[in-house]
There are 2 protein chains.
Amino acid sequence: MHATYLYKGLSQDEAETLQAALPDERTIGILSDFFGVFADSTRLRILWFLSHKELRVADLAALVGMQQSAVSHQLKTLRLQRLVKFRREGTTIHYSLDDDHVRHIFDVALAHIREGQLP
Amino acid sequence: MHATYLYKGLSQDEAETLQAALPDERTIGILSDFFGVFADSTRLRILWFLSHKELRVADLAALVGMQQSAVSHQLKTLRLQRLVKFRREGTTIHYSLDDDHVRHIFDVALAHIREGQLP
DNA sequence: GCAGTATGTGAACATATATTCATATAGATG
DNA sequence: CATCTATATGAATATATGTTCACATACTGC
């Protein structure tokens with residue numbers, strides 16, 4: 001009779017080294033939340049528009065063809081992730097991109113997608 | 001009496017130009033699906049492990065502490081997005097990263113996250 | 001302060017998605 | 001061919017998430 005091993009193609013040491021190098025749970029969570037922001041077509045379109053021009057909420061809603069409320073909810077998500085900033089002017093609020101990493105992320109993702117033959 | 005305008009801070013022309021430059025629905029969908037892959041902590045951990053070493057399914061399951069079935073389902077998602085490749089060796093299947101864009105995407109995202117003071 | 005306008009937000013609802021369980025498939029071995 | 005092992009997959013379930021509706025909040029001008 002022998003012990004059943006947890007890993008088949010890995011030594012216990014290798015496994016522990018791999019796990020030790022893994023970013024902690026908190027960091028992983030922050031990362032997945034960050035990517036989650038880009039995983040929605042409405043938010044992508046909002047970010048796209050904002051990458052071209054500062055826009056007020058009502059105009060964003062008209063551009064993406066959704067209710068102002070829906071856009072407000074999405075802008076909140078984008079604010080929490082620090083991807084957009086805003087300035088108030090009277091009662092209207094103007095949003096703009098807070099981060100040129102957004103553009104960079106887009107570029108990298110597009111490059112990846114263009115490489116594979118599309119499904 | 002006058003028409004009610006769709007846009008408040010935008011001419012009709014500006015709005016149409018913005019919308020014309022927007023990537024088509026299909027591209028937006030592909031992009032959001034692509035980002036969605038990274039929007040899950042299990043998949044992020046799988047990708048992380050694979051970025052260090054080629055691994056068989058059973059070992060991946062042990063490393064992430066989940067059932068083999070769950071890992072298989074996630075690997076399918078990763079395969080569909082062409083982020084991992086695999087080779088068969090007898091009955092076992094070894095997975096590895098298919099794309100160094102993954103590493104690049106990680107770097108950009110981490111850079112963004114490190115800039116803001118974490119919540 | 002009141003009315004009007006722009007934006008934000010909570011609750012409800014519908015849909016998407018991750019995980020588990022049970023089982024199917026594929027290859028190896030006797 | 002029967003059995004064993006590794007992986008894949010379909011159905012069921014639980015949870016997360018996006019949108020809408022109704023209303024709250026914030027500012028302006030009278």
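Naming convention: chains lettered A, B, ... in sequence-line order (proteins, then strands); numbering from 1 in each chain.
As a whole-Å value, the separation of A:Phe35 CZ from C:dA18 C1' is 19 Å. Between the P atom of D:dC27 and the NE2 atom of A:His94 lies a distance of 14 Å, rounded to the nearest Å. We find that NZ of B:Lys76 is positioned 13 Å from C1' of C:dA24, with the value rounded to whole Å. Look at CG on A:Leu60: it is 9 Å from P on C:dT7, rounded to the nearest Å. The nearest whole Å value for the distance from the CD1 atom in B:Ile93 to the P atom in D:dT5 is 17 Å. D:dT17 atom C1' lies 14 Å from atom CG of A:Leu78, rounded to whole Å.
Taking 4.5 Å as the limit, some side-chain heavy atom of B:Leu63 sits within range of a side-chain heavy atom of A:Leu10. Residues A:Leu22 and A:Ile28 are in side-chain contact: their nearest non-hydrogen atoms beyond the backbone lie under 4.5 Å apart. Using a 4.5 Å cut-off on side-chain heavy atoms (C-beta onward), B:Arg26 and B:Ile30 make contact.
Across A:Lys8 and B:Ala58, no two heavy atoms sit closer than the pair NZ-CB, 4.2 Å.
Every residue two or more places apart in sequence or in another chain was checked for a side chain to side chain contact (heavy atoms under 4.5 Å, CB included) with B:Thr17, and none qualifies. Annotation: side chain to side chain donor-acceptor pair (under 3.5 Å) contacts of B:Gln19 (sequence neighbours excluded): none. The side chain to side chain contact (heavy atoms under 4.5 Å, CB included) check on A:Glu89 picks up A:Arg87, A:Thr92, A:His94, with sequence neighbours excluded. Applying the ring pair (Phe, Tyr, Trp, His ring centres under 6.0 Å) rule to A:Tyr7 yields no partners; only residues at least two apart in sequence or on another chain are considered. For B:Glu25, there are no side chain to side chain contact (heavy atoms under 4.5 Å, CB included) partners at least two apart in sequence or on another chain. For B:Thr91, the side chain to side chain contact (heavy atoms under 4.5 Å, CB included) criterion is met by no residue, not counting sequence neighbours.
Considering only side-chain N and O atoms, A:Tyr95 lies nowhere under 4.0 angstrom from the phosphate OP1 or OP2 of C:dA6. Taking side-chain N and O atoms only, A:Lys8 has a distance below 4.0 Å to OP1 or OP2 of D:dA6. Remark: A:Gln74 is in phosphate contact with D:dT19, judged by side-chain N or O atoms under 4.0 Å from OP1 or OP2.
If you check the side chains of A:Ser72 and A:Gln68, you find a donor sitting under 3.5 Å from an acceptor.
DNA chain C lies under 4.0 Å from no heavy atom of any residue of residues 52-59 of chain B. Using a 4.0 Å cut-off on heavy atoms, the residues of residues 40-49 of chain A that approach DNA chain D are A:Asp40, A:Thr42, A:Arg43, listed by number.
Within 4.0 Å (heavy atoms only), A:Phe86 reaches no atom of the nucleic acid at all. Residue contacts shown for B:Thr92 are limited to sugar-phosphate atoms, with no base heavy atom under 4.0 Å away.
A donor-acceptor pair under 3.5 Å is absent between the side-chain atoms of B:Asp98 and the main chain of B:Lys85, judged by distance alone.
Sequence neighbours left out, the pairs with a member in residues 65-92 of chain B that pass ring-ring contact (aromatic ring centres under 6.0 Å, His included) are B:Phe86-B:Tyr95.
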Anything under 3.5 Å between a donor and an acceptor, one on a side chain of residues 40-49 of chain B, the other on a protein residue two or more places apart or in another chain? List them.
unit_1: B:Asp40; atom_1: OD2; unit_2: B:Thr42; atom_2: N; d: 3.1
unit_1: B:Asp40; atom_1: OD2; unit_2: B:Arg43; atom_2: N; d: 3.0
unit_1: B:Arg43; atom_1: NE; unit_2: B:Val37; atom_2: O; d: 2.7
unit_1: B:Arg43; atom_1: NH1; unit_2: B:Gln74; atom_2: OE1; d: 2.8
unit_1: B:Arg43; atom_1: NH2; unit_2: B:Gly36; atom_2: O; d: 3.1
unit_1: B:Arg45; atom_1: NH1; unit_2: B:Val64; atom_2: O; d: 3.2

Identify the pairs formed between an N or O of the protein and an N or O of nucleotides 20-23 of chain C at a distance under 3.5 Å, and give each distance.
unit_1: C:dT20; atom_1: O4; unit_2: B:His73; atom_2: NE2; d: 3.3
unit_1: C:dC21; atom_1: OP2; unit_2: B:Gln67; atom_2: OE1; d: 3.4
unit_1: C:dC21; atom_1: OP2; unit_2: B:Gln67; atom_2: NE2; d: 3.2
unit_1: C:dC21; atom_1: N4; unit_2: B:Ser69; atom_2: OG; d: 2.6

List, with names and distances, any nitrogen or oxygen atoms from the protein found under 3.5 Å away from nitrogen or oxygen atoms belonging to nucleotides 27-30 of chain C.
none

